[in-house]
Amino acid sequence: MPQNKIQFQPGMSLSELIERFGTEAQCEAALERARWPSGFVCPECGETAHSTFLADGRKYWQCAHCRAQVTVRCGTLFHASKLPLTKWFQAIYLVTQNKNNISALSLKRHLGVCYRTAWRVKHKLLAAMAERESRRLLQGVVLADDAYLGGVHAGKPGRGSQNKVPFVAAVELNDAGHPQHVRFDQLADLKGETLANWARTALHTSVHLVTDGLASFSAAGAVVAAYGAIVVGPRQSSDLGVFEWINTFIANLKTPIRGTYHHFDFEKYGRRYLAEAQYRVNRRFELHTLVDRLLGTCARTAPCPERWLRLGLVRAS
Ligand SMILES: [Zn+2]
């Protein structure tokens with residue numbers, strides 16, 4: 001049997017994690033490299049001339065121009081967090097290297113922290129992924145289909161019931177018909193105007209959009225270069241070969257819900273959950289470098305206060 005290219009790719013081993021990021025000093029140095037790859041840049045005024053000093057065991061950079069004093073965490077996702085960076089790196093490792101999503105409860109056990117801390121860590125990482133993915137524009141030929149989180153496909157009884165939210169899954173295909181990038185976007189509804197707005201933020205204007213014929217998708221088709229609907233009855237798109245990829249991605253996205261996120265409030269946190277799935281699919285061939293990549297994303301993500309996290313919002317970059 002041929003090996004699955006994605007499943008058998010080498011990831012980062014636990015030994016490598018410990019070897020590279022086992023101490024606080026190693027993690028601080030890695031964050032410093034990720035944040036200031038060409039050396040210190042003052043977050044207040046943009047100057048590079050600086051001095052450094054140690055206070056309370058922490059390294060501070062003092063800008064020679066505006067005298068601002070900052071640590072490497074200031075202004076990043078790790079801002080104001082009391083958690084050692086070693087724990088943060090372990091969380092990044094667990095979130096990126098697990099085949100399936102890891103729940104806040106599992107994170108609590110693995111990191112040896114309280115549930116509330118684990119929840120904050122998990123949601124801050126999801127928020128960073130969401131922000132990174134927010135600016136992705138799909139190009140070329142794009143297949144799109146509507147689906148529901150926390151429920152079954154459109155048209156089944158209970159549509160619009162509690163804890164069930166609609167989303168659009170879109171897959172960009174190359175000339176050989178293989179999937180390149182995806183977007184998973186939670187929407188308030190599946191009305192034409194909503195889908196047109198979705199297309200404006202998710203698709204390049206040159207896109208050739210193909211859907212399974214949900215009538216309101218034509219409004220999305222109107223804002224891109226070309227639109228084709230393969231018209232079949234609702235819930236029959238799974239029978240069509242052309243929708244094979246999109247159905248696979250939707251199924252892969254929904255499977256962990258049953259196992260990992262039993263009590264997930266989709267209405268509130270669905271956007272972050274979808275962004276995590278999107279982030280992982282779009283980097284599915286990069287398992288080994290994913291820890292470093294997510295660290296880079298965290299270094300460039302502004303702080304997320306808990307009050308903001310609890311609102312379930314997603315910030316565009
Ligand atoms: Zn400055």
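Numbering of ligands and ligand atoms starts at 1, following listing order.
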**Student:** So, is the end of the Arg73 side chain (NZ or CZ) under 6.0 Å from the ring centre of Trp61 and within 45° of the ring's axis?
**Tutor:** no
**Student:** Given atoms SG of Cys45 and SG of Cys42, what angle do they subtend at the Zn ion (ligand 1), to the nearest 10 degrees?
**Tutor:** 110°
**Student:** Give, rounded to 10 degrees, the angle between SG (Cys66) and SG (Cys63) as seen from the Zn ion (ligand 1).
**Tutor:** 110°
**Student:** Quick one: is the NZ or CZ of Arg283 closer than 6.0 Å to the six-membered ring centre of Tyr279, and within 45° of its axis?
**Tutor:** yes
**Student:** Is it true that Arg271 and Glu276 have a side-chain N and a carboxylate O under 4.0 angstrom from each other?
**Tutor:** no
**Student:** Could you go through the ring-ring contact (aromatic ring centres under 6.0 Å, His included) check for His208 and Tyr227 one step at a time?
**Tutor:** CA-CA 6 Å; His208 285 50; Tyr227 173 63; over 10 Å; no
**Student:** Please state whether the separation between the Zn ion (ligand 1) and some N/O/S atom of His65 is under 2.8 Å?
**Tutor:** no
